[in-house]
Structures are given as structure tokens and as C-alpha cells.
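Scroll down for the structure; my scribbles are underneath it.
Just so you know, ligand 1 is whichever comes first in the structure, and atom 1 is the first atom listed for that ligand. Everything numeric in this text was worked out from a predicted model, so none of it was measured.
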Amino acid sequence: MVNKMQWVTHYDIAAIILEIVIFGYTYKLNNRKDRSSIFFIQMLVFNFVATIFDLITVYTYEPIEQGIIPVWAGYLFSMGYYFSVNIISALLYMYVISLLNGRETKKLEKIWFYGIVIFYTLIISTTGITKGVFYFENGVYTRGPLVALLYFMAYLTFTICLIITVKNRYRLIKSQRVAVYSFTCFIFACVVIQMYFDNLLLTNYASTVSMLLMFMSIQNPEIYTDSLTGMSNGKSFYSTTDIAIGNRKEFTAIIVEIDGFKYIKETFGTENVESLVIHVARKLSERFNTKRVFFLGGIRFGIITYNDDVISITEEIKDEFAESVSVAEINMTMIPLICYVKYPDDVLSSKELSSMIDYAFTENRDLMNDDVLCIGRDILMKQQRQLAISHLISQAIINDGFTVHYQPIRNVKTGKFSSAEALVRLIDSDLGFISPEEFIPIAEKNGKILKLGEIVFEKVCQFLASGRAEKYGIEYIEVNLSVVQCMQENLAEKLISIVDKYHLPYSAFNLEITETADFVNNEMLIENMNKLLSKGIQFSMDDYGTGFSTSDYLIELPFKMVKIGKSIVWAAMSDEKAFKILKYTVAMIKSLELEIVAEGVETKEMADTLINIGCDFLQGFYYSRPVSEDAYIEFLKK
Ligand code: C2E
Ligand code: CA
């Protein structure tokens with residue numbers, strides 16, 4: 001501090017105004033009482049105090065020199081300034097650490113924090129004796145040699161904050177990283193400027209602007225509020241669970257979703273859906289403490305509870321939705337799907353929590369229809385298995401890990417096994433045999449089914465092109481197509497080009513497609529089918545009678561054959577009514593001039609019965625299980 005005359009105090013005054021504004025906003029909007037907010041507020045307070053002391057020291061410089069104000073007051077003001085300005089670095093350090101998922105502070109971190117606080121306190125409070133930081137000589141303020149050490153410690157701490165942020169950049173959200181980077185960089189820059197123009201009191205202004213940045217990007221509670229419902233949002237939900245997890249505080253997260261959101265949106269339009277969301281939000285926040293209810297997007301809400309009886313809360317939620325509401329003048333009953341997760345019993349981190357919730361709502365919705373679902377470790381394990389399988393599929397695509405097995409199909413009329421169904425196989429050294437029933441749906445979800453389908457088709461072509469099966473009178477191979485494949489624009493071209501590559505006749509293929517709700521009016525599917533048909537590739541409707549049964553498809557889509565699902569066949573063997581249904585189904589299909597394949601034939605009696613009612617082809621373990629290429633050739637030889 002040089003001559004008072006030269007000091008420019010404008011920046012300090014601007015800083016005070018800014019600080020009051022940030023205070024006001026923090027006070028008005030703050031609904032978060034987590035650790036990082038507490039450190040943020042402490043930083044604000046010390047920054048404010050530092051700025052005030054800075055101004056006081058400037059304006060009392062001359063009065064002290066002239067003896068109007070006693071020297072001890074001068075000591076008090078300057079000590080106050082040095083202490084409050086330096087403590088900010090230590091608080092920023094704690095702030096950064098508390099941002100790291102609200103975890104508990106490690107011992108070493110605490111030691112560093114308290115260490116520097118004690119260090120500052122000691123060297124600042126003893127400066128009257130040691131003349132280390134500053135002293136007054138004949139009423140004149142003079143800097144001591146330890147000021148440099150004081151600032152060195154502060155900048156060392158800022159640097160550590162920066163290093164921690166860079167090191168943990170993947171654990172912090174972008175706005176948090178940017179806030180810490182800009183805070184430290186801005187302060188460093190201002191300090192460099194102040195080194196050259198030491199009459200500009202810039203430091204406090206720099207830290208105030210940095211805190212404003214921080215407020216706007218992280219601390220601003222509006223980031224944690226949903227604008228539609230006015231409720232705390234998903235970010236707030238997970239930051240609350242983070243804090244609880246950081247403090248090892250037990251909690252239960254209850255999630256409620258209104259079923260059929262997509263349908264409601266399509267039927268009633270976005271505007272009405274918004275009023276429905278607001279309606280639900282109001283219901284829940286009136287019933288429960290507003291601070292504990294969160295809006296998680298879509299029409300999903302979260303409630304965090306610490307010691308209450310979870311079951312009674314879920315009962316209350318059900319009660320809330322028992323009455324019907326009127327949306328767009330239509331009375332409707334909302335069906336809440338409810339699940340809950342317990343920390344630490346079932347979940348260990350917020351990330352795990354979030355993915356378990358998403359998983360439960362995509363994979364376990366039906367379990368929530370009648371009952372409240374407890375998402376436990378078993379669901380997490382299932383999800384992890386899915387992830388592992390998803391990874392395996394990708395690996396198998398790269399490493400040629402898929403094989404194709406063949407299950408012979410017997411032509412009733414000729415008594416020959418003139419066709420077979422190609423079935424894909426995936427075997428892993430750790431997980432063992434993975435059923436296609438498990439991995440095909442996963443491949444459909446992660447988009448790998450397109451490549452997988454191509455691989456299977458190409459393997460079948462290679463097998464046929466080898467000429468090994470031809471000798472034994474193989475007429476065609478049935479290959480399963482996923483509905484997802486059928487929706488692919490260039491499916492027909494792709495398959496045709498593969499057949500051409502191996503110079504095979506198109507009649508050597510019959511593609512099986514399973515009926516699903518997605519069939520309805522699917523132009524892409526029809527286009528693909530027609531293109532392939534025009535070349536001579538035939539189609540079977542797979543698993544008839546097991547899923548979304550309607551004979552419309554048989555009329556609308558150009559199938560040559562219908563495969564009756566094994567569950568239908570098995571049911572017919574043990575139940576008279578089911579047998580009647582099967583008999584009439586067969587008659588109906590035959591009247592449409594379609595051929596019938598019955599699957600799941602396990603005994604001679606079954607085969608005889610199915611032949612009696614008119615099935616054209618039979619497939620099942622009674623004849624052969626799906627087997628490798630070599631075993632299939634051996635089978636044909638016999
Ligand atoms: P799917 O199309 O219904 O295939 C018939 C399934 O029934 C096969 O199961 C077969 O092993 C089994 N099976 C046949 N006869 C009998 C029997 O007598 N008794 C019993 N218990 N089972 C019998 P797999 O190989 O596990 O295939 C399951 C499903 O995976 C298939 O059902 C099919 O939907 C799908 N899939 C298999 N390979 C492919 C493929 O290459 N592409 C696509 N998209 N799906 C495939
Ligand atoms: Ca099939």
C-alpha cells in the first residue's frame with residue numbers, strides 16, 4: 001500500500017454493490033442447504049468483509065498518521081482485511097472439494113484446510129509483535145516481509161483448487177468446472193495487473209466477479225428449478241441424493257410416473273399435457289413437503305424421504321390418483337407407476353440410482369402395473385448383465401463371434417428334411433451360452449441388430465455356397481429377420497447384394513418375420529417385402545398366435561407360410577379348448593392358401609396330432625435340436 005492519494009477505490013465500491021446483489025439473489029432464491037452452498041455463502045461473506053476493510057484501511061490511512069484514529073484501530077482494520085481476503089482461498093478449496101459429489105472430506109484435505117487457517121491466523125494476529133505482515137511506525141503503515149508468504153499460500157491454495165478440478169474433471173459437471181477455472185484464472189489475472197498498477201485495488205473486485213460467475217453457473221437455484229412446475233428439478237434431485245450419499249445418510253428415493261405419457265401427449269397435445277403435469281405436480285406437492293418432491297421430466301416425479309414409512313407414502317400416492325381428472329374436457333384416470341430405491345441397501349451412488357430408475361421404467365414397467373416395485377440389487381444385476389451382453393454383441397461383431405446353427409424342418413408330404421431354420425448362437429467364455437431370446441432384444445435396442453442380421457444372413461449364404469447341403473436335397477433355409485431390420489430402408493438391396501455375391505438362387509431363402517404391433521401400416525416393411533418377393537425370396541409369419549395376433553396381417557402382407565409358435569402347439573397338447581383353437585387356426589390359415597409350419601414338436605404323438613390336423617411342416621427337438629453345420633450335414637446323411 002503506497003500513498004493514499006493514488007489509490008483508486010472505484011473497484012472496491014463496485015465490488016460492494018455487486019456483492020449486495022449476489023447476496024440478495026442468494027438469499028431470495030436459495031433453497032439449498034448443502035455443503036457447497038454453505039461454503040459459497042461463507043466466501044461471499046468474507047469477500048464482503050475484505051472489501052469493507054480494504055476501503056476502511058484506505059480511508060483511515062491519513063487519520064492514523066495524523067493521530068486522529070488510534071494505531072490499534074489501524075491494526076484491527078488491516079488484520080481484518082488480511083484475514084478475510086486470505087481465508088477466501090481456503091474456502092474455495094473446501095468449496096471445490098464439496099462439489100466432488102458431496103462426498104465426505106478426507107483427513108488430508110481437512111488438515112490442509114485447518115492448517116492454512118491456523119497459519120493465516122497466527123502470522124496475521126502476531127504481526128504487531130513480529131512486524132511480519134505489516135506494522136505502524138510513527139503511525140505510518142508499513143508492509144512486512146511475510147506478506148509475500150501470505151500471498152504465496154493463498155495462490156498455492158488456488159493452484160491446488162485448479163489441479164483438483166482438472167484431475168476430477170469427469171466428476172464435475174461442465175458449469176462447475178468452468179466456474180472454478182474462471183474463478184482462479186480471473187483472480188490470477190487481476191493479481192498480475194495489480195502487481196504493475198498497485199494503486200488499483202482490484203483483488204476484491206476480481207473475486208466478486210468470479211463469485212458472480214459461480215453464482216450464475218452453479219449456485220443459482222434457478223438451475224435447480226423446473227420452469228413449468230416451479231418444482232425442484234432432476235438436477236436438484238440428484239444433487240440432493242449426492243449430498244445424502246456423501247454424508248452416508250440413509251434415504252429412500254420414490255419415483256412416480258404416470259403411465260401412457262406418450263399416448264396422452266399424442267392424444268391430447270402438448271399444451272394439455274403441460275396442464276396435466278402441473279396438475280400432478282400440485283397434487284404431489286400439496287400432499288408432501290414441497291422440498292422433497294422433484295420433477296424429473298416427462299411425467300415422472302421423485303420424492304426423497306429419510307425416515308418415513310415408504311409403504312405408507314406409496315399408499316398415499318395411490319390415493320391421490322384414485323380419482324379421475326378432466327383433460328381437454330375428457331375424463332381420464334391416471335395410472336401411477338411407482339417404484340423405490342433404498343440407499344445404502346440397494347444403490348451406492350447417484351449415477352447408479354439414475355440408471356436403475358431409467359432401467360426400471362423401460363424394462364420393468366409391467367411389474368409396476370399392480371404393485372409398487374422395489375428396485376433392488378437383483379434389478380441392478382440384470383441391468384449389468386444387459387450391459388455386459390450389449391458389450392459382448394459389439395465384440396462378437398468385430399471378432400466374428402457369432403455362429404449359426406441349423407434346425408431341420410420336416411416336410412410332411414415328402415417325409416424329407418428339405419429345409420432348416422438358421423438360429424444364431426453366441427457363446428462367451430465367462431457368461432457361457434447366451435440365448436438369442438436374451439441377446440436379440442438387446443441388439444434390437446442398441447441398434448446392433450442390423451449388423452448382426454447381416455452377419456447371420458451372410459453365414460447362411462456361405463454355408464449354402466459351400467454346396468455341402470445341396471447334395472442332400474436342401475431346398476431353402478429359413479432366416480429370422482427382426483422387425484427392426486424390416487424397418488431399415490435399404491434392407492432389400494442389402495440382402496439381394498449378399499445373395500448375388502455368393503451366386504445363389506433367391507429361392508434358397510425364406511425369411512421369418514414375427515408379428516408385432518409395429519406391423520400396422522408399415523410401408524417400409526411392405527416395400528422391403530415386395531422388393532424381395534419380386535426377386536423370388538419368400539416370407540413366413542413367425543410365432544403366429546403368440547403375440548399380437550390378428551389375421552389382418554395374413555391378408556395384408558405377402559406371406560407364403562405361417563409358423564405356429566411352440567407355446568400354442570404345447571398348449572394344444574394338454575388342453576382341449578386350446579386344441580380346438582389350434583385346429584381351427586390351421587383350417588383358417590389353409591383356407592387362405594398359406595402353408596403351415598408347426599414348431600416345438602417334442603414327441604411322436606405331437607407330430608402325429610399335428611399331421612392329422614393338416615400341418616405341412618414340422619420342426620422340433622423330436623427330430624433334431626438346432627445343431628452346428630457339421631452336425632446338420634451328419635443329420636442329413638442319416
Ligand atoms: P423362434 O424364431 O421361435 O425360434 C425357434 C426357437 O424354438 C429356437 O430357440 C429353437 O431352438 C426352439 N425350439 C425349436 N424346437 C423346439 C422344441 O421342440 N422344444 C423346445 N423347447 N424349443 C424348440 P432359440 O434358438 O433359442 O431362438 C430363440 C429366438 O431367438 C428365436 O425364436 C428367434 O426369434 C430369435 N432368433 C434366433 N436366431 C435369430 C436370428 O438370426 N435373427 C433374429 N432376428 N432372431 C433370431
Ligand atoms: Ca423363427
Side-chain angles (χ1 to χ4, degrees), residues 389 393 396-397 401-410 417 419-427 432-463 476-488 491 494-495 498 509-516 518 525 528 538-548 559-573 596-607 609-610 615 617-628 631-632 635:
I389 292 175
I393 295 170
I397 287 176
F402 291 110
T403 49
V404 175
H405 278 200
Y406 295 87
Q407 185 174 32
I409 298 173
R410 183 184 153 102
F417 291 93
S419 63
E421 177 173 4
L423 293 156
V424 64
R425 293 291 177 256
L426 175 62
I427 295 167
F433 172 84
I434 304 155
S435 160
E437 244 149 340
E438 188 175 11
F439 73 78
I440 295 285
I442 297 174
E444 285 178 336
K445 245 173 262 153
N446 70 14
K448 298 280 189 264
I449 188 70
L450 301 179
K451 190 72 204 154
L452 196 163
E454 244 175 74
I455 291 174
V456 171
F457 193 74
E458 179 136 12
K459 283 192 184 289
V460 172
C461 288
Q462 282 165 354
F463 175 58
Y476 60 92
I477 299 287
E478 306 205 340
V479 183
N480 290 285
L481 281 193
S482 149
V483 180
V484 179
Q485 281 176 280
C486 301
M487 308 292 177
Q488 200 188 357
L491 173 81
K494 221 171 232 169
L495 296 186
I498 298 176
F509 302 91
N510 183 305
L511 303 177
E512 298 186 3
I513 309 174
T514 307
E515 46 170 359
T516 73
D518 295 339
L525 171 76
N528 275 323
Q538 298 290 347
F539 288 89
S540 291
M541 176 179 273
D542 206 359
D543 264 345
Y544 185 80
T546 51
F548 195 81
F559 287 111
K560 183 184 180 215
M561 290 183 174
V562 175
K563 289 190 88 163
I564 298 186
K566 49 185 181 286
S567 56
I568 303 292
V569 171
W570 294 341
M573 298 302 141
I596 297 180
V597 188
E599 266 182 1
V601 183
E602 292 192 339
T603 59
K604 185 169 185 313
E605 294 75 56
M606 282 169 89
T609 315
L610 292 163
C615 293
F617 297 89
L618 301 178
Q619 175 185 353
F621 291 180
Y622 172 59
Y623 303 110
S624 166
R625 287 176 178 262
V627 289
S628 66
Y632 175 52
F635 174 88

Can the ring centres of Y623 and F635 be said to be less than 6.0 Å apart?
-> no
Which bit of K566 gets closer than 4.0 Å to ligand 1, counting heavy atoms only: side chain, backbone, both or neither?
-> side chain
Ligand 1 atoms nearer than 4.0 angstrom to some heavy atom of V601 are 18 (O)
Shortest non-hydrogen separation from V460 to F509 and the atoms involved = CG1-CE2, 4.1 Å
Ligand 1 contact on F402 by region, counting heavy-atom pairs under 4.0 Å = neither
Side chains of E599 and D542: closer than 4.5 Å at any heavy-atom pair?
-> yes
Between N480 and ligand 1, which residue portion shows a heavy-atom distance shorter than 4.0 Å: side chain, backbone, both, or neither?
-> both
Does the Q485 side chain pair with the main chain of S482, one donor and one acceptor, at a distance under 3.5 Å?
-> yes
Should the proximity of I440 to ligand 1, defined as any heavy atom under 4.0 Å, be assigned to the side chain, the backbone, both, or neither?
-> side chain
How many angstroms lie between CD in E602 and CZ in R625, if you round to the nearest 0.5 Å?
-> 8.0 Å
Check the Ca ion (ligand 2) and write out every protein N, O or S atom at under 3.0 Å, as residue and atom.
-> E421 OE2, N480 OD1, E512 OE1, D542 OD2
Measure across I393 and F439 and return the closest heavy-atom pair with its distance rounded to 0.1 Å.
-> CD1-O, 3.6 Å
May I ask you to identify, for V404, whether its side chain, its backbone, both or neither come under 4.0 Å of ligand 1 on a heavy-atom basis?
-> neither
Heavy-atom distances under 4.0 Å are what count here, so tell me which part of Q407 touches ligand 1: side chain, backbone, both or neither.
-> side chain
Could you tell me whether some N/O pair between D542 and ligand 1 is separated by less than 3.5 angstrom?
-> yes
For F621 and ligand 1, does the shortest N/O to N/O distance drop below 3.5 Å?
-> yes
Structural part of M606 in contact with ligand 1, heavy atom criterion under 4.0 angstrom = neither
Do V404 and Y406 touch side chain to side chain, with heavy atoms closer than 4.5 Å?
-> yes
Heavy-atom contacts under 4.0 Å between P626 and ligand 1: side chain, backbone, both, or neither?
-> side chain
Would you mind running through ligand 1 and noting each atom that sits below 4.0 Å from a heavy atom of G620?
-> 15 (N), 18 (O)
State, yes or no, whether a side-chain contact exists between E454 and L450 at a heavy-atom distance under 4.5 Å.
-> no
Per-atom contact, atom 32 (O) of ligand 1, protein heavy atoms, under 4.0 angstrom | no
Protein heavy atom under 4.0 Å of atom 9 (O) of ligand 1 = no
With a 4.0 Å cut-off on heavy atoms, is R425 touching ligand 1?
-> yes
Please examine the side chains of I513 and L525, heavy atoms only from C-beta on, and report whether any two atoms are closer than 4.5 Å.
-> yes
What pair of heavy atoms forms the shortest contact from A598 to L610, and how long is it?
-> CB-CD1, 3.9 Å
Can you tell if the side chain of I440 reaches within under 4.5 Å of the side chain of V424, non-hydrogen atoms only?
-> yes
Distance-only donor-acceptor hits, side chain of residues 559-573, under 3.5 Å, sequence neighbours excluded:
from	atom 1	to	atom 2	distance (Å)
K563	NZ	E421	OE1	2.8
K563	NZ	E478	OE1	3.2
K563	NZ	E512	OE2	2.6
K563	NZ	Q619	OE1	2.8
W570	NE1	G600	O	2.7

Could you find the nearest protein heavy atom to atom 38 (N) of ligand 1 and give me its residue, atom name and distance?
-> V424 N, 3.1 Å
Using heavy-atom distances, let me know which of P436, G453, A443 sits nearest atom 24 (P) of ligand 1.
-> P436
Among E437, E599, E602, which one has a heavy atom closest to atom 19 (N) of ligand 1?
-> E602
Decide whether the shortest distance between a heavy atom of W570 and an atom of ligand 1 is less than 4.0 Å.
-> yes
Which heavy atom in V627 sits nearest to a heavy atom in S624, and how many Å separate them?
-> CG1-OG, 4.1 Å
What protein heavy atom sits nearest atom 44 (N) of ligand 1, and how far away is it?
-> S482 N, 3.5 Å
Backbone of T514 reached by a side-chain donor or acceptor of D543 within 3.5 Å | no
Sub-3.5 Å N/O-N/O distance, A422 and ligand 1 | no
State whether the side chain of N510 and the backbone N or O of Y476 hold a donor-acceptor pair below 3.5 Å, judged by distance alone.
-> no
Looking only at heavy atoms, what is the nearest atom pair of L452 and I397, with distance?
-> N-CD1, 4.4 Å
Which segment of E421 sits under 4.0 Å of ligand 1 when only heavy atoms are counted = side chain
Note: R425 and P436 closest approach over all heavy atoms is NH1-CG, 3.6 Å
